[in-house]
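Presented below is the structure to which this report refers.
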Amino acid sequence: MSPELAQASQLLRDGRLVAFPTETVYGLGARADRDEAVAGIFAAKGRPSFDPLIVHVPDLEAAREWAVFDERALALAQACWPGPLTLILPRRPGVSDLVTSGLPSVGIRVPDHPLALALLRACALPVAAPSANPFGYVSPTVADHVRTGLGDRVDLILDGGPCRVGVESTIVSLVDGEARLLRPGGIPREVLERHLGQELSYSGHAPAVDHPSAPGMLESHYAPGRAVVECFGSKAGLEARARALDGNCAALGQDLSNVPAKARADLGRTDLEMATGLFRALRDLDRPDIATILALLPPPQGLGLAVRDRLIRAGGSRPVLP
Ligand code: TXA
Ligand code: MG
């Protein structure tokens with residue numbers, strides 16, 4: 001084990017905060033079984049305490065210590081873990097009530113990243129970790145984003161390079177006999193439905209809520225600092241708006257080289273490229289000279305559903321323009 005990994009593991013055991021890479025985004029970790037440690041996460045992020053956290057474990061066996069798995073949950077876990085899937089399941093005693101915000105359920109996942117898995121095995125604890133950004137800001141996909149956002153509020157940042165997936169995990173709730181998609185994310189809805197042999201119910205993009213029984217929806221702003229994000233369903237609509245603004249805007253999406261704009265972020269061709277580059281693009285376009293970001297939404301298939309969701313939230317959940 002590298003000295004840095006040993007140090008990170010010891011810090012977690014001591015109840016301190018360690019940021020670590022996952023395949024989705026960087027997480028801000030603390031031991032999930034101790035109130036004071038978990039409270040540190042909320043303080044560092046400025047996150048409201050009624051928004052529950054995801055528990056990270058190294059494998060399914062460890063997950064079963066903290067949550068109750070029925071057949072559907074087992075099927076999904078066996079097919080998708082390690083991977084960008086968080087399951088909301090009935091909780092077992094042991095993790096802090098702060099992690100679950102007092103809910104009878106717990107969110108749990110096995111991340112698909114060698115450094116994250118090594119850390120989870122080394123510390124031998126369940127680790128609560130939200131994305132390692134100040135509350136309401138864009139999630140970090142490289143270690144530098146964590147440094148910029150949280151700085152010395154974190155005791156150690158493990159650097160694993162850029163995150164492969166780039167959007168957070170897909171969250172599926174299997175409590176109450178229902179199978180609900182709470183947050184589209186790094187594993188496509190279609191893949192999960194195939195493994196489950198049933199459709200997931202999805203209420204689409206819900207507006208910001210203040211009710212802890214409908215979480216996953218609270219961070220309505222994956223927003224860059226200054227600019228307003230406007231979301232478009234078509235390139236023609238986006239282009240017309242850019243002309244109306246005399247090019248005094250930024251354009252984000254696919255194939256927008258003809259759009260008049262001060263800056264452009266091309267998200268690439270495949271839905272994975274779009275997901276991977278999305279948060280970095282939002283940060284890059286967060287410049288003092290840019291007041292409006294025009295975003296072209298991808299189709300809602302595959303990882304496109306998650307990209308759409310994050311862009312719409314970055315725009316404050318306003319209606320999509322044609
Ligand atoms: O990819 C990810 O999921 C990343 C990495 C670090 O693992 N984590 C992440 O955490 O995105 P966070 O805190 O930013 O988002 C977790 C979401 C929250 O919106 C929360 O409401 C929901 O998971 N959640 C957690 N526990 C829940 C529960 N018991 N019931 C419903 N939603 C829950
Ligand atoms: Mg987050």
Side-chain angles (χ1 to χ4, degrees), residues 18-30 32 38 41-42 44-57 66-68 80-92 95-113 115-117 119-120 126-141 145-146 149-150 158 160 163-176 178 180-187 206 208-223 275 279 306 309-310 313-314:
V18 174
F20 61 95
T22 78
E23 79 281 33
T24 58
V25 301
Y26 276 72
L28 177 62
V38 177
I41 293 177
F42 289 95
K45 280 192 62 125
R47 175 171 172 131
S49 62
F50 51 82
D51 191 15
L53 304 176
I54 295 170
V55 175
H56 296 67
V57 290
W66 315 109
V68 181
C80 303
W81 282 352
L85 170 68
T86 294
L87 292 173
I88 309 295
L89 300 172
R91 67 182 285 198
R92 291 187 195 279
V95 301
S96 159
D97 282 342
L98 288 175
V99 170
T100 57
S101 305
L103 293 169
S105 58
V106 62
I108 198 154
R109 85 178 191 99
V110 178
D112 185 16
H113 193 290
L115 212 46
L117 290 172
L119 178 65
L120 293 169
V127 172
S131 49
N133 50 284
F135 180 69
Y137 198 69
V138 180
S139 295
T141 52
H145 296 165
V146 183
L150 296 175
L158 283 177
C163 300
R164 177 170 60 76
V165 176
V167 293
E168 300 87 347
S169 60
T170 303
I171 303 182
V172 170
S173 167
L174 293 175
V175 292
D176 308 333
E178 282 231 48
R180 288 189 294 142
L181 177 65
L182 294 187
R183 176 176 78 182
I187 186 157
V209 292
D210 54 9
H211 195 267
S213 69
M217 296 297 151
L218 195 64
E219 233 162 322
S220 67
H221 267 239
Y222 280 73
F279 289 150
D309 172 79
R310 302 308 187 273
R313 291 191 204 205

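Counting starts at 1 for both ligands and their atoms, in listed order. What you are looking at is a predicted structure, and each value in this text was computed from that prediction instead of being measured. All heavy atoms count here, side chains included; hydrogens, waters and symmetry mates do not.
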Item checked: Residue pair Arg109, Glu23: steps toward the salt bridge (Lys or Arg N to Asp or Glu O under 4.0 Å) verdict -> CA-CA 12 Å; Arg109 85 178 191 99; Glu23 79 281 33; 2.9 Å; yes

Check: Any N or O of Arg183 that comes nearer than 3.5 Å to an N or O of ligand 1?
Finding: yes

Note to self: With a cutoff of 4.0 Å, is Asp51 in contact with ligand 1, counting heavy atoms of the residue only?
What the structure shows: yes

Next item on the list: Nearest heavy atom to atom 26 (N) of ligand 1 wins, so pick from Ala128, Gly102, Pro21, Pro52.
Entry: Pro52

Notebook entry, point to check: Hey, is Thr100 touching ligand 1 through its side chain, its backbone, both or neither, going by heavy atoms under 4.0 Å?
Noted result: neither

Check: Is there a donor-acceptor pair closer than 3.5 Å between any side-chain N or O of Thr22 and the backbone N or O of Thr24?
Finding: yes

Notebook entry, point to check: Would one find an N or O of Tyr26, backbone or side chain, under 3.5 Å from an N or O of ligand 1?
Noted result: no

Notebook entry, point to check: Considering distance alone, does some N or O of His56 sit under 3.5 Å from an N or O of ligand 1?
Noted result: yes

Note to self: Tell me whether Lys45 has any N or O atom under 3.5 angstrom from an N or O of ligand 1.
What the structure shows: no

Notebook entry, point to check: Are any side-chain N or O atoms of His56 and backbone N or O atoms of Ala128, one a donor and one an acceptor, separated by less than 3.5 Å?
Noted result: no

Check: At a 4.0 Å threshold, what atoms of ligand 1 neighbour a non-hydrogen atom of Leu103?
Finding: 28 (C), 29 (N), 30 (N)

Margin query: Suppose we only count N/O/S atoms under 2.8 Å; would Ser139 qualify as near the Mg ion (ligand 2)?
Written below: no

Margin query: Show the nearest heavy-atom pair for residues Val167 and Gly185, with the distance to one decimal.
Written below: CG2-C, 4.0 Å

Notebook entry, point to check: Taking side chain as C-beta onward, heavy atoms only, is His145 less than 4.5 Å from Val25?
Noted result: no

Notebook entry, point to check: Which of the atoms of ligand 1 are close to Ser131, meaning less than 4.0 Å from one of its heavy atoms?
Noted result: 8 (N), 9 (C), 10 (O), 12 (P), 14 (O)

Margin query: Less than 3.5 Å apart, any donor N or O on the side chain of Thr100 or Arg91 sitting next to an acceptor on the other?
Written below: yes

Next item on the list: May I ask you to check whether Glu168 and Ser139 show a side-chain donor-acceptor distance below 3.5 Å?
Entry: yes

Checklist line | side chain to side chain contact (heavy atoms under 4.5 Å, CB included) involving Ser96 - partner list, sequence neighbours excluded | finding: Asp35, Val38, Leu98, Val99

Note to self: Nearest 0.5 Å, please: how far is CZ in Phe20 from CG in Leu119?
What the structure shows: 6.5 Å

Margin query: Using a 4.0 Å cutoff against the non-hydrogen atoms of Leu53, which atoms of ligand 1 qualify?
Written below: 25 (C), 26 (N)

Margin query: As an exercise, identify every atom of ligand 1 less than 4.0 angstrom from a heavy atom of Ser105.
Written below: 28 (C), 29 (N), 30 (N)

Notebook entry, point to check: Between Arg47 and ligand 1, which residue portion shows a heavy-atom distance shorter than 4.0 Å: side chain, backbone, both, or neither?
Noted result: side chain

Check: Can you list the atoms of ligand 1 that are under 4.0 Å from a heavy atom of Ile171?
Finding: 17 (C), 22 (C), 23 (O)

